[in-house]
2 protein chains.
Amino acid sequence: MATHTHPRQNLSDLTARLRQHAQRITGPRQLILEVLRREDHPLTARQIHGQLDCDLATVYRSLRLLEEMAMVKRFDFGDGTARFELLGQNDDGHHHHLVCRECSTVVEIGECFSGNLEQRIAREHGFADVSHRLEFFGLCPDCQTT
Amino acid sequence: MATHTHPRQNLSDLTARLRQHAQRITGPRQLILEVLRREDHPLTARQIHGQLDCDLATVYRSLRLLEEMAMVKRFDFGDGTARFELLGQNDDGHHHHLVCRECSTVVEIGECFSGNLEQRIAREHGFADVSHRLEFFGLCPDCQTT
DNA sequence: TTCTATTTGCAAATCATTTGCAATAAGGGG
DNA sequence: CCCCTTATTGCAAATGATTTGCAAATAGAA
């Protein structure tokens, strides 16, 4: 369990969270949550849509909603396509990824640099409420042999 | 001068570098370099195009070329629009930015976390040739008063 | 200056994502 | 359990960044 602790929450927990936010529990939303629940790596909207039977626009709309209510987190690997991961109940989802430049394999990274750096940067420049986005890229073991 | 040291290279240096790569020195390419030279923050293709008199497609094509020959570096602030900065002669351009979530003001950040972290992550997961992308986001002094 | 391979401009194509709108479904109230 | 109001969906079309095909323009070598 050195890897990212993934919330193995069940569907009713998830729908309960939806309900808390006074949102309707619709078919597509449940399906999207199910898909995200069984993956522990970020998925693109298109990938999610591929495992579903609803409109792609609905997937985008639902993901945005779920992101606003902090049930999913959006990641950006710089390839022009957003990826989404399910968040646990009290999880701010702060973690990073190590992505293979060749095959796009993704490894979840729990570690991060010390908060010092962030605070120092914020202070030095007078910024408030500073967060960061950090992703690693490299060649995975398989792709090194090519 | 605590800020990112920006290469105040002149145009002939730049065209010389172009020439080294056996590329033609065309009007648009020189113009793009001139625009980038007088900015010390990353610009979008559209911003560059706004200060020029050539086709937007040419800007994109030139930027890609310049990126391939390591004369400009592409940055991604996660807003779906790439930004570009001029690189110095022997500069790998590795640095980061602090971006205001409100007004998009950009501050260049020279510091970075210790290379240890990156190496440890690479080793732990068997990845090679690991690099990273790191950007900070927050509220700049002006936008905090809102 | 001439010739040829590059490069440009323009328009159209892509790709991810968003949006307008009429049709449909969720969930509270009776 | 049915009805009604409102949120949500599907579909198609719009958007915005970026790329591409192709014929016309041009940089640089001969």
Side-chain angles (χ1 to χ4, degrees), chain A residues 11-12 14-36 42-69 71-85 99 104, chain B residues 11-12 14-36 42-69 71-85 99 104:
Chain A
L11 252 279
S12 49
L14 295 174
T15 54
R17 282 213 268 161
L18 255 185
R19 200 169 278 114
Q20 278 170 28
H21 288 260
Q23 303 297 158
R24 294 191 177 170
I25 319 291
T26 67
R29 287 176 188 171
Q30 293 190 85
L31 290 174
I32 290 172
L33 288 173
E34 278 186 47
V35 171
L36 287 175
L43 294 180
T44 66
R46 188 169 298 281
Q47 288 173 321
I48 295 170
H49 175 250
Q51 302 187 39
L52 254 55
D53 182 38
C54 75
D55 197 79
L56 183 56
T58 299
V59 175
Y60 277 107
R61 277 189 284 233
S62 299
L63 285 172
R64 193 132 57 89
L65 173 77
L66 293 170
E67 186 189 11
E68 279 161 13
M69 50 199 291
M71 290 188 65
V72 307
K73 176 148 178 137
R74 174 192 304 260
F75 287 96
D76 172 17
F77 293 171
D79 65 349
T81 312
R83 281 144 219 268
F84 302 85
E85 267 184 29
V99 185
S104 297
Chain B
L11 253 278
S12 50
L14 294 174
T15 53
R17 281 213 270 162
L18 255 184
R19 199 168 279 115
Q20 277 170 29
H21 288 260
Q23 303 297 155
R24 295 193 176 168
I25 319 290
T26 68
R29 286 177 189 170
Q30 292 190 86
L31 290 174
I32 290 172
L33 288 174
E34 277 186 48
V35 171
L36 288 174
L43 295 180
T44 66
R46 188 169 299 281
Q47 289 172 322
I48 295 170
H49 175 249
Q51 302 186 39
L52 254 54
D53 181 40
C54 76
D55 197 80
L56 183 56
T58 299
V59 175
Y60 277 107
R61 277 187 285 229
S62 300
L63 286 171
R64 193 132 58 89
L65 173 75
L66 293 170
E67 186 189 10
E68 279 162 12
M69 50 198 290
M71 289 189 64
V72 309
K73 176 147 176 137
R74 175 191 304 258
F75 288 96
D76 172 17
F77 293 171
D79 65 347
T81 311
R83 281 146 218 267
F84 302 85
E85 267 183 31
V99 186
S104 297

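Labels below follow one simple rule: chain letters A, B, ... track the order of the sequence lines, proteins then strands, and each chain is numbered from 1.
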Enquirer: Set out, in order, the CA-CA distance, both residues' side-chain angles and the distance that settles side chain to side chain contact (heavy atoms under 4.5 Å, CB included) for Leu63(A) and Ile48(A), then state yes or no.
Expert: CA-CA 10 Å; Leu63(A) 285 172; Ile48(A) 295 170; 4.0 Å; yes
Enquirer: Provide, to the nearest angstrom, the distance between the NE2 atom belonging to His49(A) and the P atom belonging to dT17(C).
Expert: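 Nearest whole value for this atom pair: 13 Å.
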Enquirer: Within this structure, what is the CG-OG1 distance for the pair Leu43(A) and Thr81(A), rounded to the nearest 0.5 Å?
Expert: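 Here the interatomic distance stands at 12.5 Å.
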Enquirer: First locate atom CG of Leu66(B), then atom CD1 of Ile32(B), and finally report the distance between them rounded to the nearest 0.5 Å.
Expert: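 The CD1 atom of Ile32(B) is 6.5 Å from CG of Leu66(B), to the nearest 0.5 Å.
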Enquirer: Could you measure the distance from the CD1 atom of Ile25(B) to the CZ atom of Arg29(B)? Nearest 0.5 Å is fine.
Expert: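 So the gap between those two atoms works out to 8.0 Å.
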Enquirer: Taking side chain to side chain donor-acceptor pair (under 3.5 Å) as the test, write out the residues that go with Glu67(A), two or more places apart.
Expert: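 With sequence neighbours excluded, Glu67(A) shows a side chain to side chain donor-acceptor pair (under 3.5 Å) to Arg74(A), given in chain and number order.
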Enquirer: Polar pairs (N or O, both sides) under 3.5 Å between protein and nucleotides 28-30 of chain C?
Expert:
none

Enquirer: Just how far, in rounded Å, is P of dA26(C) from CZ of Arg24(A)?
Expert: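 Going from Arg24(A) (CZ) to dA26(C) (P), I get 9 Å.
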Enquirer: With nearest nucleotides of DNA chain D determined for Ile25(B) and Thr44(B) from heavy-atom distances, which residue corresponds to the more 5′ nucleotide?
Expert: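 Between the two, 5'-proximity favours Thr44(B).
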Enquirer: With a 3.5 Å cut-off and heavy atoms only, can you find an N or O donor on one side and an acceptor on the other between the side chain of Arg29(B) and the base of dT7(C)?
Expert: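 No, the side chain and the base share no sub-3.5 Å donor-acceptor pair.
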Enquirer: To the side chain of Arg46(A), which of dT17(C), dT7(C), dT18(D) is closest?
Expert: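 That would be dT17(C).
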Enquirer: Let me check the geometry of the helix from dT1(C)-dA30(D) to dG30(C)-dC1(D). What is the bend angle between the axes at its two ends, five pairs each, to 10°?
Expert: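 It works out to 20° between the end axes.
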Enquirer: If I take atom CG in residue Leu43(A) and atom P in nucleotide dT17(C), what distance separates them, rounded to the nearest angstrom?
Expert: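 In whole Å, dT17(C) P and Leu43(A) CG are 13 Å from each other.
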Enquirer: Please enumerate all residues that pass side chain to side chain donor-acceptor pair (under 3.5 Å) together with Asp79(A), with sequence neighbours excluded.
Expert: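 With sequence neighbours excluded, Asp79(A) shows a side chain to side chain donor-acceptor pair (under 3.5 Å) to Arg83(A), given in chain and number order.
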Enquirer: Could you tell me the separation between the CG atom of Leu36(B) and the CD atom of Gln51(B), rounded to the nearest 0.5 Å?
Expert: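 Here the interatomic distance stands at 9.0 Å.
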Enquirer: Tell me which residues in residues 53-67 of chain B lie within less than 4.0 Å of DNA chain D, going by non-hydrogen atoms.
Expert: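 Under 4.0 Å from DNA chain D: Leu56(B), Ala57(B), Tyr60(B), Arg61(B), Arg64(B).
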Enquirer: Find the distance Gln47(B):CD to dA17(D):P and express it as a whole number of Å.
Expert: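 Nearest whole value for this atom pair: 11 Å.
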Enquirer: Could you pull out all residues at least two apart from Glu34(B) that satisfy side chain to side chain donor-acceptor pair (under 3.5 Å)?
Expert: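 With neighbours one apart ignored, the set is empty.
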Enquirer: What's the separation between atom CG in Leu65(A) and atom CG in Leu18(A), rounded to the nearest 0.5 Å?
Expert: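 Going from CG on Leu65(A) over to CG on Leu18(A), the span is 7.0 Å.
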Enquirer: Using atom types as modelled and distance alone, determine if a side-chain donor or acceptor of His49(A) lies under 3.5 Å from a backbone N or O of Asp55(A).
Expert: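 Answer holds: no.
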Enquirer: Using atom CZ of Arg19(A) as one end and atom P of dA7(D) as the other, report the distance to the nearest whole Å.
Expert: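 Arg19(A) atom CZ is separated from dA7(D) atom P by 17 Å.
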Enquirer: Using OP1 and OP2 only, check whether a side-chain N or O of Thr26(B) sits under 4.0 Å from dT8(C).
Expert: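 Affirmative; the distance criterion is met.
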Enquirer: Can you tell me how far apart CG (Leu56(A)) and CZ (Arg61(A)) are? Round to the nearest 0.5 Å.
Expert: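 Answer for the CG-CZ pair, Leu56(A) versus Arg61(A), is 10.0 Å.
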Enquirer: Whole angstroms only, please: what is the CD-P distance between Gln30(A) and dT9(D)?
Expert: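 In whole Å, dT9(D) P lies 11 Å from Gln30(A) CD.
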